[in-house]
Amino acid sequence: MAKSVGFIGFGNMGAAIAHCLYHAQQDVAILAVEPHPDRQDWIHANAPYVQLMALADMLQNCKYVFLAVKPNMIQELSAELKPLLRPHHVLISMLAGVSVATCEELLSHHKLVRIMPNTPAKVGRAFTGVCFSGGLSDDETSTTLLLCKTFGECLICTENDLNTITAVSGSGPAFFYRMAQACIDFGVVKGLNETNATQAVIQTMLGAAHMLIDDPNPTDQIRRVASPNGTTEAGLNAMTAHDFDAVVAKTLESALNRAIALSKEIA
Ligand SMILES: NC(=O)c1ccc[n+]([C@@H]2O[C@H](COP(=O)([O-])OP(=O)(O)OC[C@H]3O[C@@H](n4cnc5c(N)ncnc54)[C@H](OP(=O)(O)O)[C@@H]3O)[C@@H](O)[C@H]2O)c1
């Protein structure tokens with residue numbers, strides 16, 4: 001793996017990824033550029049393995065650099081970054097909605113990787129779509145993948161697929177949390193205390209996820225839980241009657257459309 005890795009922007013995602021990198025390989029030097037004073041204090045207190053420094057210094061020391069600022073910062077950042085980039089730098093951008101072409105154009109740089117991780121990166125359980133620009137060598141490609149695998153599972157995909165991945169797994173945790181909250185609220189209304197209702201829901205989600213890893217066919221898994229005329233079947237019938245699948249499809253479609261619109265706004 002790389003001996004030093006740079007971060008431009010060290011907010012939620014930067015910190016989550018750096019934490020996993022550091023725990024995967026403790027001798028990796030993690031160098032970060034982060035202008036926000038509160039955030040710098042947070043890094044000193046919570047991520048002492050991170051060295052904060054100026055952009056030019058970080059780029060002199062790192063070949064692999066994660067771009068982890070908010071997407072609307074890309075224009076401002078590129079004015080500062082472009083003159084400092086050298087052809088060997090590999091930029092790994094996680095900026096939602098910012099296409100490889102836009103990055104290439106703004107930065108006049110060709111070793112670009114666009115990734116779409118999700119917040120479970122914080123616990124090393126991300127699902128990350130990875131789209132390579134074509135400017136990387138085989139060695140750079142495998143080092144980038146090794147870096148990304150420190151925070152979870154990766155899927156190499158096209159840029160078009162990355163928009164779908166943004167909806168399904170980038171935004172996806174929030175959709176599962178919404179389902180979890182609705183189940184907890186129901187449990188509480190029916191008399192469970194909040195802690196017990198929350199535990200029941202978390203353990204059910206976790207157990208169901210493990211069952212799906214064992215046999216990744218949700219329809220077969222449903223069949224195994226739902227006995228004829230039983231409680232599960234009654235609930236599933238209500239889901240069908242209330243068009244649950246249509247609600248989920250509409251939810252994901254809205255997230256996907258927003259991902260596409262964002263890439264047009266920033267292009
Ligand atoms: N959260 C997710 O689930 C998720 C999933 C996939 C991808 N992403 C992407 O990950 C990126 C980071 O998201 P986040 O939630 O970690 O954002 P965040 O918490 O706002 O972190 C971004 C950090 O970068 C700093 N920054 C701004 N301009 C900078 C510059 N020129 N140089 C260095 N640092 C700069 C910001 O400081 P200021 O606050 O002072 O601006 C902030 O501390 C976004 O592009 C987002 O689209 C997020």
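Whatever order the structure lists them in is the order used to number ligands and atoms, beginning at 1.
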| task | Apply salt bridge (charged side-chain N to carboxylate O under 4.0 Å, His left out) to Asp215 and list each qualifying residue two or more places apart in sequence or on a separate chain. | result | Arg224

| field | Shortest protein contact, atom 7 (C) of ligand 1 (heavy atom only) | value | Met94 O, 3.2 Å

| task | Consider every N or O of Leu77 and every N or O of ligand 1, then say whether any pair is closer than 3.5 Å. | result | no

| Looking at atom 3 (O) of ligand 1, what's its closest protein heavy atom, distance included? | Thr119 CG2, 3.2 Å

| remark: Among Lys70, Lys122, Met116, the residue with a heavy atom nearest to atom 20 (O) of ligand 1 is Lys70

| Where on Met73 is there a heavy atom closer than 4.0 Å to ligand 1, on the side chain, on the backbone, on both, or on neither? | side chain

| task | Say whether Ile8, considering both its backbone and side-chain N or O atoms, lies within less than 3.5 Å of an N or O atom on ligand 1. | result | no

| request: Identify the protein heavy atom lying closest to atom 4 (C) of ligand 1, giving its residue, its atom name and the separation to 0.1 Å. | output: Met13 CG, 3.7 Å

| query | Going by heavy atoms in the side chains, are Tyr64 and Glu140 under 4.5 Å from each other? | reply | yes

| said: Has Glu34 got a side-chain atom pairing as donor or acceptor with His36's backbone, closer than 3.5 angstrom? | reply: yes

| remark: re atom 34 (N) of ligand 1, the protein heavy-atom contact at minimum distance is Pro35 CD, 3.0 Å

| query | Quick one: does ligand 1 sit under 4.0 Å from the side chain of Ala68, the backbone, both or neither, non-hydrogen atoms only? | reply | backbone

| field | Side-chain touch Gln25/Lys3, heavy atoms, less than 4.5 angstrom | value | yes

| query | What about Val247 and Tyr177, same hydrophobic cluster or not, with Ile/Leu/Val/Met/Phe/Trp/Tyr joined at side-chain heavy-atom distances under 4.5 Å? | reply | no

| Parallel under 30°, tilted from 30 to 60°, perpendicular over 60°: which one fits the rings of His23 and His19? | tilted

| query | Should one rank Leu81, Leu55, Val69 by closest heavy-atom distance to atom 26 (N) of ligand 1, which comes out on top? | reply | Val69

| request: State which residues pass salt bridge (charged side-chain N to carboxylate O under 4.0 Å, His left out) with Glu159; sequence neighbours excluded, sorted by chain then number. | output: Arg114

| note | So the atoms of ligand 1 within less than 4.0 Å of a heavy atom of Pro71 turn out to be 44 (C), 45 (O), 47 (O)

| query | Within 4.0 Å of atom 24 (O) of ligand 1 (strictly less), any protein heavy atom? | reply | yes

| query | Mind checking whether Phe66 and Phe151 have parallel, tilted or perpendicular rings, split at 30° and 60°? | reply | perpendicular

| Do any N or O atoms from the side chain of Gln221 and from the backbone of Met211 form a donor-acceptor pair under 3.5 angstrom? | yes

| query | For Ile260, does its backbone N or O pair with a side-chain atom of Asn163 as donor and acceptor, under 3.5 Å? | reply | no

| request: Answer with side chain, backbone, both or neither: which part of Ala15 has a heavy atom less than 4.0 angstrom from an atom of ligand 1? | output: neither

| remark: Note: ligand 1 atoms sitting under 4.0 Å from heavy atoms of Asn12 are 15 (O), 16 (O), 19 (O)

| task | List every atom of ligand 1 that sits less than 4.0 Å from any heavy atom of Ala96, numbering the atoms from 1 in the order shown and giving each element. | result | 45 (O), 47 (O)

| message | To check your reading of the model: name the closest protein heavy atom to atom 42 (C) of ligand 1, its residue, and the distance in Å. | response | Glu34 OE1, 3.6 Å

| Are any of the N or O atoms of Glu80 closer than 3.5 Å to those of ligand 1? | no

| message | Can you tell me how far apart OG1 (Thr164) and CD (Glu253) are? Round to the nearest 0.5 Å. | response | 9.5 Å

| Can you check whether Ala246's main-chain N or O pairs, donor with acceptor, with Asp243's side chain at less than 3.5 Å? | no

| field | Location of contacts on Glu76 toward ligand 1, heavy atoms closer than 4.0 Å | value | neither

| What protein heavy atom sits nearest atom 21 (O) of ligand 1, and how far away is it? | Gly11 CA, 3.1 Å

| said: For Tyr49, is the OH atom crowded, meaning more than 12 foreign heavy atoms sit under 6.0 Å from it? | reply: yes

| said: Which option wins on minimum heavy-atom distance to atom 5 (C) of ligand 1: Gly170, Ala174, Pro117, Gly129? | reply: Pro117

| note | When distances are taken from atom 38 (P) of ligand 1, the protein heavy atom at minimum range is His36 CD2, 3.5 Å

